[in-house]
Amino acid sequence: MTKKIEYSNRYFAGNHEALVAKLRGALSDFRFEHVLRVEAKALEFAEHLGVKDFEQVSVAALVHDYAKERSAEEFQQVIVAKHLDPDLLNWGNAIWHGVVGAEMIHDELQVTDEDILNAVRRHTTGDVFMTTLDKIIYMADYIEDGRDFPGVDEVREVTFNNIDEGVAWQTGHTLNYLMAKQALIYPKTILTYNAWVAQK
C-alpha cells in the first residue's frame with residue numbers, strides 16, 4: 001500500500017491525490033498500476049536510505065512514466081521543437097519516454113524541479129553521475145513488486161544492502177540482455193556501464 005504523502009506544493013501545484021488523478025487520466029490501467037508500485041518501492045528505498053524529502057521522491061516516482069504511452073510523432077515533435085539532441089530521433093520510446101518525457105512533464109504538469117526531471121531522464125539509461133534520487137527511481141522502476149524476471153529476488157536483496165551495487169547489477173544485466181538480442185545500445189547506457197560496472 002502506498003504511503004500517504006502530504007504535498008506542500010513545492011514540486012507539484014496540487015496534492016498527492018491530484019497528481020495521481022492526472023496520471024490516472026494519462027495512462028493505461030497496466031501502466032498506472034506500475035507507477036503506483038514504483039512510488040511505493042521508491043518510498044521504501046527512501047526510508048531505508050534515510051532520505052528526508054519523501055515528497056520529492058513521490059513526485060519523481062509518480063511521473064517517471066508519464067509520457068510512456070505517447071506516440072512516436074509526439075516525441076519527435078518535442079525533440080524538434082525544443083532543439084534536443086537530433087540523435088534522439090534515431091531512437092525510440094524506451095529512450096524517449098525518459099529523456100523527452102521530462103520535457104512533457106515540465107510543460108504539462110509544471111514540474112520544474114531539475115532533480116526530479118533528471119531522475120526521469122535517467123531512469124532507463126542511468127548516467128555516469130547519479131544522485132540518490134536518480135538511483136532510487138532507477139532501481140524502484142526495475143524491481144517494484146510487480147516485476148518478475150530471473151534474478152529479481154537477488155537484485156532486490158543486493159539493492160537494499162547497497163543501492164550502488166543494485167545500480168551496477170541492473171546496468172550489467174541490461175547490457176547483457178541487449179547484447180544477447182544484438183539490439184542497439186544507447187550511448188549513455190554504455191557510459192553508465194563503464195562508470196558503474198566495468199571498473200568494479
Side-chain angles (χ1 to χ4, degrees), residues 2 5 7 9-43 55-127 130-131 133-144 146-147 170-171 174 178 183-189 191-192:
T2 301
I5 302 294
Y7 283 8
N9 296 323
R10 183 176 175 194
Y11 303 111
F12 173 71
N15 58 22
H16 181 267
E17 291 74 15
L19 182 54
V20 169
K22 288 265 189 188
L23 295 163
R24 171 72 283 183
L27 302 172
S28 65
D29 291 346
F30 172 83
R31 187 61 48 192
F32 178 69
E33 293 299 326
H34 162 71
V35 163
L36 295 182
R37 290 193 300 270
V38 170
E39 185 199 23
K41 186 61 70 182
L43 292 171
E55 181 181 355
Q56 188 184 45
V57 172
S58 169
V59 173
L62 286 174
V63 303
H64 82 282
D65 269 357
Y66 172 72
K68 178 77 175 181
E69 295 172 338
R70 299 299 182 89
S71 70
E73 290 73 22
E74 286 178 271
F75 285 117
Q76 290 161 349
Q77 287 171 5
V78 172
I79 292 167
V80 172
K82 289 186 171 280
H83 308 289
L84 302 181
D85 182 354
D87 179 59
L88 283 167
L89 293 169
N90 297 317
W91 299 88
N93 183 287
I95 301 302
W96 291 340
H97 82 275
V99 178
V100 186
E103 303 297 324
M104 296 172 170
I105 292 163
H106 177 279
D107 293 350
E108 298 172 18
L109 300 179
Q110 286 76 54
V111 172
T112 59
D113 182 77
E114 276 300 315
D115 292 334
I116 291 174
L117 296 175
N118 280 332
V120 172
R121 292 183 180 107
R122 297 167 179 161
H123 85 272
T124 59
T125 65
D127 207 333
M130 295 173 72
T131 66
L133 180 63
D134 295 339
K135 296 174 199 172
I136 287 173
I137 302 305
Y138 186 71
M139 294 312 301
D141 182 39
Y142 191 59
I143 57 174
E144 53 94 341
R147 298 289 197 194
Q170 177 184 171
T171 302
T174 298
L178 294 172
L184 285 173
I185 299 172
Y186 189 62
K188 183 172 281 186
T189 304
L191 295 176
T192 303

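It should be emphasised that the depicted structure is a prediction, and the values quoted were computed from it without experimental measurement. Along the sequence shown, residues carry numbers from 1. Excluded from the calculations below are hydrogen atoms, water molecules and symmetry mates; all remaining heavy atoms, backbone and side chain alike, are included.
Partners of Phe12 according to the ring-ring contact (aromatic ring centres under 6.0 Å, His included) rule, which considers only residues two or more places apart in sequence or in another chain, do not exist here. For Tyr138, there are no ring-ring contact (aromatic ring centres under 6.0 Å, His included) partners at least two apart in sequence or on another chain. Residues satisfying the ring-ring contact (aromatic ring centres under 6.0 Å, His included) test with Phe32, not counting sequence neighbours, are none. Qualifying side-chain hydrogen bond (donor to acceptor under 3.5 Å, both in side chains) partners for Ser58, counting only residues two or more places apart in sequence or in other chains: Tyr7, Glu39. Asp115 is linked by a side-chain hydrogen bond (donor to acceptor under 3.5 Å, both in side chains) to nothing, counting only residues two or more places apart in sequence or in another chain.
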side-chain contact (heavy atoms from CB on, under 4.5 Å) assessment of Leu88 paired with Val99
CA-CA 9 Å; Leu88 283 167; Val99 178; 3.9 Å; yes

Checking Asp127 against Asp134 for the side-chain contact (heavy atoms from CB on, under 4.5 Å) test, could you report, in this order, the C-alpha distance in whole Å, the side-chain angles of both residues, the deciding distance, and whether it holds?
CA-CA 9 Å; Asp127 207 333; Asp134 295 339; 5.9 Å; no

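Shown are Arg122, Lys68, Arg147, Lys41; of these, the salt bridge (Lys or Arg N to Asp or Glu O under 4.0 Å) with Asp141 is made only by Arg147.
No side-chain donor-acceptor contact under 3.5 Å links Trp91 to the backbone of Trp96.
Contact between Ile137 and Ala42 at its shortest, heavy atoms only, is CD1-CB, 4.2 Å. Nearest heavy atoms, Leu109 versus Leu19: CD1-CD1, 4.3 Å. Shortest non-hydrogen contact noted between His97 and Val120 is O-CG1, 4.4 Å. Between Lys135 and Met130, the shortest heavy-atom distance links the atoms CE-O, 3.3 Å.
In this structure, Lys188 does not pair ionically with Asp85, as no charged nitrogen and carboxylate oxygen lie closer than 4.0 Å.
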Cut-off 3.5 Å, no hydrogens considered: what does the side-chain donor-acceptor table look like for residues 21-31, sequence neighbours left out?
| from | atom 1 | to | atom 2 | distance (Å) |
| --- | --- | --- | --- | --- |
| Arg24 | NH1 | Asp29 | OD1 | 3.2 |
| Arg24 | NH2 | Leu27 | O | 3.4 |
| Arg24 | NH2 | Asp29 | OD1 | 2.6 |
| Ser28 | OG | Arg31 | N | 3.2 |
| Ser28 | OG | Glu69 | OE2 | 2.6 |
| Arg31 | NH1 | Asp65 | OD2 | 3.1 |

